[in-house]
Amino acid sequence: MSDLVTVTIDGVEVTVPQGTLVVDAAKMIDNDIPVFCYHPKLKPVGMCRMCLVEIGVPMRDRATGEVLRNEDGSVRLNFGRGLQTACTVVVSDGMVVRTATQPVKDAREAVIEFLLTSHPLDCPICDKGGECPLQNLTMRYGRGESRFDFSNKILLDKHVPLGELIYLDRQRCIQCARCIRFQDEVVDDPVIDFHNRGRRLEIVTLSEPGFDSYWSGNTTDICPVGALTTADFRFGARPWELTSVASVCTHCPVGCNTTLDTRREAIAGGRSVIKRVMPRQNEWVNEIWICDKGRFVHHYADAPTRLKQPLVRKNGQLVEASWDEALDLVAGKLQQHKTAVAGLAGDRLSNEDLYLFQKLFREGLGSNNIDLANRRLAGGDVVAQVGLASGSNLKELGAGDAVLVVATDLHEEAPVWWLRVKQAAERGAVVVVANLRPTRLDKFATHRLHYAPGEALSTIRQLVNLAKVEMETADSDPLAAAADALIKAKNMVVFYGSEGLTYEETDALARLLANLLLVKNGEGHVGRPNNGLIPVWPHSNTQGAWDMGVHPAFAPGYKPVSEPGLRATDIYAGVADGSLKALFVIGADPVGDGLMADRGQLDFLVVQELFMTKTAELADVVLPAQSWAEREGTFTTGERRVQRYYMAIPPIGDSRPDWQILAQINERVGLGKPAFAASLVFNEIAKVVPQYKGMDYRSLARVEKQWPDVGGEDLYYGGTAHENRSGLGQQWACVAESATVERFDVAEQPVIARDGLQLVRVAALYTSGTLIEQSPVLHHRMARPTIQLAHADATALGLADDDRAEVTVNSVTYETAVRVNEQVPAGLVLLSGVPYIAGLTTAQIRKLETAVAQPTGD
Amino acid sequence: MITEILKGMFTTFKHLLQPPVTIQYPEVKRPVRYRFKGRHELKRYDNGLEKCIGCALCAAACPADAIFVEAAENTDDERYSPGERYARVYEINMLRCIFCGFCEDACPTEAIVLEDNYELSFYDRASAIYTKEMLLVPVPPGGQPTPQKVEPGKYDRAIPEMEDPK
């Protein structure tokens with residue numbers, strides 16, 4: 001065991017891996033060496049000097065290398081001439097560390113005294129007060145009084161907006177550079193930096209708009225003082241007044257663990273409201289980070305426009321009705337139209353909701369006409385076979401492993417996955433990116449495959465075929481080199497998305513990629529931890545929708561049904577031509593998303609929603625549902641981890657949780673007494689869905705000790721991310737873990753000749769939608785409709801940078817900004833900031849001859 | 001036995017001749033003691049700015065959970081108190097309050113003081129909640145009501161110069 005070393009810290013022996021820092025080794029045996037600038041997720045810099053300790057190493061004879069001993073036989077130690085920083089010294093065998101001696105105590109007192117010479121003593125009004133490492137460590141290690149004159153404190157700006165989301169207080173900053181290092185090392189957005197020197201040192205933002213990063217909120221968590229605060233929570237509450245409730249982020253398939261900090265608020269009439277969203281540690285999912293979307297898009301839960309009462313259409317008007325009246329009507333009408341009924345669900349609903357929704361249709365109404373309203377990405381059935389194996393952790397990918405990312409821009413669609421893939425690349429993993437255009441991950445990729453429009457599938461097919469061939473020498477062909485790197489990897493993880501692809505193409509893509517994973521049969525890249533397929537689903541619980549059987553051809557647990565029902569596209573057609581009489585839309589807005597023109601020939605439309613969407617406006621019955629913060633439930637991430645979230649705030653108005661509404665409709669169509677708790681619905685799921693066997697709310701709430709320590713007593717060490725006390729979730733096992741999976745047959749797709757400019761809609765994290773619109777704090781950051789194209793294409797269209805253009809796609813017209821970007825391949829137009837458009841399309845682009853319209857911050 | 005009765009009657013007659021101790025409340029009010037703790041007041045500086053900075057330490061110290069504070073940010077155009085933070089909402093539930101005075105002790109700016117008023121009675125629970133407007137003292141002569149428009153950078157210190165304890 002040469003890679004382990006034993007050190008003695010304050011008389012306690014600890015054996016740790018080689019390369020461990022003294023401060024971490026001490027933390028492992030609960031010896032808290034105080035730090036400000038050190039953070040376990042960042043590289044050490046030794047700037048704050050708070051971690052000074054006495055470090056002794058065994059003395060050796062220079063000639064023989066023998067350890068020298070005292071007369072009593074004990075090892076002679078060399079403690080050097082002074083104290084050393086525990087955060088920069090790596091442990092070595094036989095090292096002795098003393099953290100409780102007088103020189104160490106004196107050094108800590110001195111460092112705190114110096115820090116406080118320029119730190120304002122405004123703890124009572126500081127947002128960090130109560131969860132502040134500087135405050136806590138001063139109470140623990142400080143002298144209690146200062147020998148410096150308070151009037152000599154330098155007065156700096158206390159109100160510096162670094163952009164609209166993060167505010168800086170220069171007086172409070174202790175210049176530990178944790179924020180700067182986080183932005184640079186961890187997320188590669190070096191948009192803030194130090195300016196000036198000495199006592200004039202200050203943090204400035206280098207980007208326009210200020211602090212332009214999707215990760216900015218995390219700097220407020222790791223800031224050891226109150227220098228960085230979010231616009232959302234600034235002066236919002238004192239930390240000790242908050243009630244923390246564990247939750248799961250609902251905005252992308254990563255499923256970041258979060259904590260909703262709630263407090264009663266006078267403006268809300270004494271209701272408990274969400275004051276802030278904080279990351280909750282889950283080293284398998286999001287470690288201790290969340291993106292700014294997850295942090296700031298919570299306002300929809302408390303939005304005044306939420307639906308509060310069931311609405312029933314009477315004499316052409318939607319009027320308030322009682323729950324019984326509305327539910328009786330819904331159940332009666334659905335049964336009346338039993339033969340011509342369909343259901344469309346959104347994929348932000350919990351597993352419990354989706355299960356009961358399909359149960360209503362399959363068992364209550366005998367119909368398989370059920371699908372997701374926004375179908376974008378197929379391959380759930382493939383993922384059930386060869387998905388990322390259970391027990392995986394993307395953090396474990398490193399040298400010798402490979403990650404393939406196809407047809408997705410992870411940084412915009414699932415930022416935390418981007419971060420984890422980027423970090424895998426930095427640890428030495430081979431990252432192969434295949435896409436139409438360069439994305440932010442290209443910088444970290446070993447192989448970049450940019451295929452021409454329409455050639456996605458043929459390129460991947462070629463990749464799979466090349467992977468089957470053993471190569472002797474390095475090939476100059478990039479595709480062959482990538483295939484070789486992938487297939488030779490110890491572990492392979494494949495991400496796939498739907499950028500520039502239609503639903504049917506993504507289905508073929510998933511199968512091709514599964515075949516790639518299956519090339520090395522036997523000890524292949526499936527069924528082992530850290531191997532398998534990860535779909536970059538459009539929403540937080542698309543995986544759950546597949547698992548629960550919200551699919552015309554699959555019952556819960558991927559059991560094929562004998563007579564597949566109508567797909568979403570057929571349902572929209574059926575609505576228009578009158579072959580469908582009744583439609584149940586839950587958690588989706590097909591009219592607002594442009595998928596359904598109007599209510600067509602429908603006799604009855606029921607919508608279950610949070611807001612009065614365009615679809616709800618056309619409905620006969622509108623059922624007000626509760627948001628995720630008001631209720632319990634489970635989501636399943638793209639890595640197939642089933643995670644639980646909890647009730648944080650009281651329900652708005654008379655709204656009810658989706659599962660309860662559905663259970664009550666199910667009772668009315670004769671499916672027996674409704675379950676009275678979400679956990680009981682989940683127990684039923686665990687019985688019906690084989691993949692969820694053995695799971696229940698208690699097993700999902702299981703936790704274990706994670707490294708590094710964060711939250712609570714360890715604020716000084718890991719920041720204010722919350723410790724996970726409410727559940728790490730459970731990953732369900734894919735088929736490949738217990739059985740052999742055969743290769744998939746994928747029909748050769750005809751290559752369609754494409755002329756002219758091809759338009760592809762690309763994702764942007766802050767794309768306008770029903771939920772994000774409710775967060776005013778993000779309005780400035782919203783992605784506005786923009787086209788990006790190469791210089792030559794722009795010139796051909798008479799467009800230049802900063803022009804405005806009118807773009808017509810599929811008979812919808814958008815007014816967009818124009819960005820000429822040499823990164824964009826010729827022949828391609830990237831359209832962002834608009835609702836989803838499947839596949840490649842052609843577009844009419846016309847220059848707008850208006851005065852230069854500056855994007856104003858509305 | 002007669003002597004005992006006479007002794008008792010003597011005491012009675014002696015008191016008949018003494019001046020009465022009864023105070024005719026509410027027409028007459030007895031002054032309260034120096035350390036009496038009555039209804040809270042939120043104090044102002046001489047220029048009219050509120051001393052309260054909305055730090056909610058009083059609410060944290062309150063053993064009866066009677067105080068509710070919600071803070072907001074000051075600007076130089078609309079300044080309520082010195083520094084960045086002021087109390088947008090300040091409520092004390094007088095039914096909960098036990099008049100222990102911990103809030104006074106906790107206050108870093110001596111903004112909340114338990115004064116002499118002990119006449120607290122209500123017809124319903126809602127009126128037992130004293131809002132900031134009810135608790136704030138009137139603007140002193142020569143001062144301005146809040147919010148004030150002030151010159152930038154003048155009131156950037158939330159906690160005034162306090163003398164070091166001798």
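These numbers come from the heavy atoms of this one structure, side chains and all, not from hydrogens, waters or symmetry mates. Just so it is clear: chains get the letters A, B, ... in the order the sequence lines come, proteins before strands, and each one is counted from 1.
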Within the supplied structure, the quantity of interest is the number of heavy atoms (other residues, nucleotides, ligands) at a distance under 6.0 Å from [X] [atom1]; does it exceed 12?
| X | atom1 | answer |
| --- | --- | --- |
| B:Phe102 | CZ | no |
| B:Tyr123 | OH | no |
| A:Arg264 | CZ | no |
| B:Leu16 | CG | yes |
| A:Arg143 | CZ | yes |
| A:Phe114 | CZ | no |
| A:Asn196 | CG | yes |
| B:Gln18 | CD | yes |

Enter the distance from [X]:[atom1] to [Y]:[atom2] here, rounded to the nearest 0.5 Å.
| X | Y | atom1 | atom2 | value |
| --- | --- | --- | --- | --- |
| B:Glu73 | A:Phe235 | CD | CZ | 4.5 Å |
| A:Leu155 | B:Arg157 | CG | CZ | 7.5 Å |
| B:Glu70 | A:Glu241 | CD | CD | 9.0 Å |
| B:Leu57 | A:Trp240 | CG | CH2 | 5.0 Å |
| A:Asp127 | B:Glu84 | CG | CD | 9.0 Å |

Proximity breakdown for [X] and chain B, heavy-atom pairs closer than 4.5 Å:
| X | result |
| --- | --- |
| A:Ala237 | backbone |
| A:Leu121 | backbone |
| A:Glu265 | both |

Is a side-chain donor or acceptor of A:Arg238 paired with a backbone partner of B:Cys55 at a separation under 3.5 angstrom?
-> yes
So which heavy atom on A:Arg263 is nearest to which on B:Phe68, and how close?
-> NH2-CE1, 3.5 Å
Nearest atoms (heavy-atom pairs only) where B:Arg88 meets A:Ile267 =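 The answer is NH2-CD1, 3.4 Å.
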So which residues of residues 159-174 of chain A are in contact with chain B at a heavy-atom cut-off of under 4.5 Å?
-> A:His159, A:Asp169, A:Arg172
